Amino acid sequence: MDNNRQKPIRVLVAKVGLDGHDRGAKVIATALRDAGMEVIYTGLRQTAEMVVNAALQEDVDAIGISILSGAHNTVFPKLMQLMKEKHMENVLLTGGGIIPEEDMRRLNEMGVGKLFGPSAHTVEIAEYIKDWVQQHK
């Protein structure tokens, strides 16, 4: 086992924009902690820049964005751009919320990881992150 994987997977969970509903983000954060991951929850009303800077400072393996506001087609591309500028190609960008299937496909094609709808099981999300990190780290 390489040295990097002896420490827990680190995930930053964030709410970007004016969306004030964070119950789902808190549920996901708790589920990822229960799955053995270290989770940093940034709270509400974050900007894309704040999220990427926090992810850099915390040296995370993954960023999970909870989005219910309908701004996913703006937020995810902005995050991807900032991550690319900061050479964060080895960090997973994933998320979930109210995102139409067609938009999910388009965002996946841009390089965003798997996106999860409201009916996704927390175990599925945790397994996806674990598998991605194992394959890319």
Side-chain angles (χ1 to χ4, degrees):
M1 178 182 248
D2 78 52
N3 211 15
N4 194 28
R5 282 304 100 209
Q6 290 178 350
K7 58 185 180 176
I9 293 171
R10 293 175 58 82
V11 182
L12 182 132
V13 175
K15 296 285 298 183
V16 177
L18 300 178
D19 178 1
H21 301 280
D22 66 349
R23 182 171 173 225
K26 289 178 177 177
V27 167
I28 296 299
T30 299
L32 296 178
R33 279 189 193 107
D34 289 348
M37 298 181 203
E38 289 182 6
V39 179
I40 299 95
Y41 176 56
T42 61
L44 294 168
R45 296 180 182 83
Q46 300 293 297
T47 65
E49 290 82 2
M50 291 165 72
V51 169
V52 171
N53 287 335
L56 269 173
Q57 289 172 359
E58 295 288 348
D59 191 28
V60 299
D61 300 298
I63 299 171
I65 302 298
S66 171
I67 193 155
L68 303 172
S69 66
H72 50 270
N73 287 324
T74 303
V75 168
F76 282 105
K78 178 67 173 175
L79 287 163
M80 290 293 299
Q81 173 196 343
L82 292 168
M83 289 172 70
K84 188 174 185 175
E85 288 171 8
K86 306 263 187 194
H87 307 287
M88 297 174 68
E89 294 83 10
N90 64 337
V91 175
L92 169 64
L93 176 60
T94 185
I98 309 298
I99 306 171
E101 287 288 329
E102 183 180 322
D103 292 348
M104 284 186 183
R105 277 192 299 279
R106 198 171 322 117
L107 292 166
N108 294 150
E109 289 167 6
M110 293 175 59
V112 176
K114 186 173 181 179
L115 297 168
F116 299 89
S119 63
H121 294 281
T122 56
V123 171
E124 176 189 3
I125 296 166
E127 287 302 315
Y128 170 70
I129 293 170
K130 285 180 183 178
D131 291 345
W132 191 96
V133 170
Q134 284 178 344
Q135 291 175 19
H136 294 86
K137 292 286 185 165

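Being a predicted model, the structure only gives us computed values, none of them experimental. Basis for what follows: all heavy atoms, side chains included, without hydrogens, waters or symmetry-related copies.
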Next on the checklist: With a 6.0 Å cut-off (strictly less than), is the heavy-atom count around CD of Glu85, excluding the residue itself, greater than 12?
Outcome noted: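 Atom CD in Glu85 is packed in, count exceeds 12.
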
Checklist entry - Hey, is NE2 on His136 packed in by over 12 heavy atoms from elsewhere, all under 6.0 Å? => result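 Yes, NE2 of His136 has more than 12 neighbouring heavy atoms, counting only those of other groups under 6.0 Å.
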
Minimum heavy-atom distance [X]-[Y], with the two atoms named:
| X | Y | value |
| --- | --- | --- |
| Ile98 | Pro118 | CD1-CG, 3.5 Å |
| Ile63 | Ala55 | CD1-CB, 3.6 Å |
| Leu107 | Phe76 | CD2-CB, 3.8 Å |
| Ile125 | Ala120 | CD1-CB, 4.1 Å |
| Ala31 | Thr122 | CB-CB, 3.4 Å |
| Lys130 | Ala35 | NZ-O, 3.2 Å |

Item to check | Carboxylate-amine/guanidinium contact Arg105 Glu109, below 4.0 Å | outcome: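 Answer for the salt bridge query: no.
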
Are [Y] and [X] linked, directly or through intermediate hydrophobic residues, by side-chain heavy-atom contacts shorter than 4.5 Å (ILVMFWY only)?
| X | Y | result |
| --- | --- | --- |
| Val112 | Leu92 | no |
| Leu79 | Val60 | yes |
| Leu115 | Val51 | yes |
| Met80 | Trp132 | no |
| Val13 | Met37 | yes |

[atom1]/[X] to [atom2]/[Y] distance, rounded to the nearest 0.5 angstrom?
| X | Y | atom1 | atom2 | value |
| --- | --- | --- | --- | --- |
| Glu102 | Asn73 | CD | CG | 9.5 Å |
| Ile99 | Arg106 | CD1 | CZ | 11.5 Å |
| Ile28 | Ile65 | CD1 | CD1 | 13.0 Å |
| His72 | Asp103 | NE2 | CG | 3.5 Å |

Polar side-chain atom of [X] near backbone of [Y] as donor-acceptor pair, under 3.5 Å:
| X | Y | result |
| --- | --- | --- |
| Ser66 | Lys15 | no |
| Gln135 | Val133 | no |
| Lys137 | Ile9 | no |
| Tyr128 | Lys114 | yes |
| Asn108 | Gly113 | yes |

pair [X]-[Y]: side-chain heavy atoms closer than 4.5 Å:
| X | Y | result |
| --- | --- | --- |
| Glu49 | Leu82 | yes |
| Phe116 | Glu124 | yes |
| Thr42 | Glu58 | no |

Checklist entry - In a check of side chain to side chain contact (heavy atoms under 4.5 Å, CB included) between Met83 and each of Leu93, Asn90, Leu56, which one passes? => result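 For Met83, the side chain to side chain contact (heavy atoms under 4.5 Å, CB included) check succeeds only for Leu93.
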
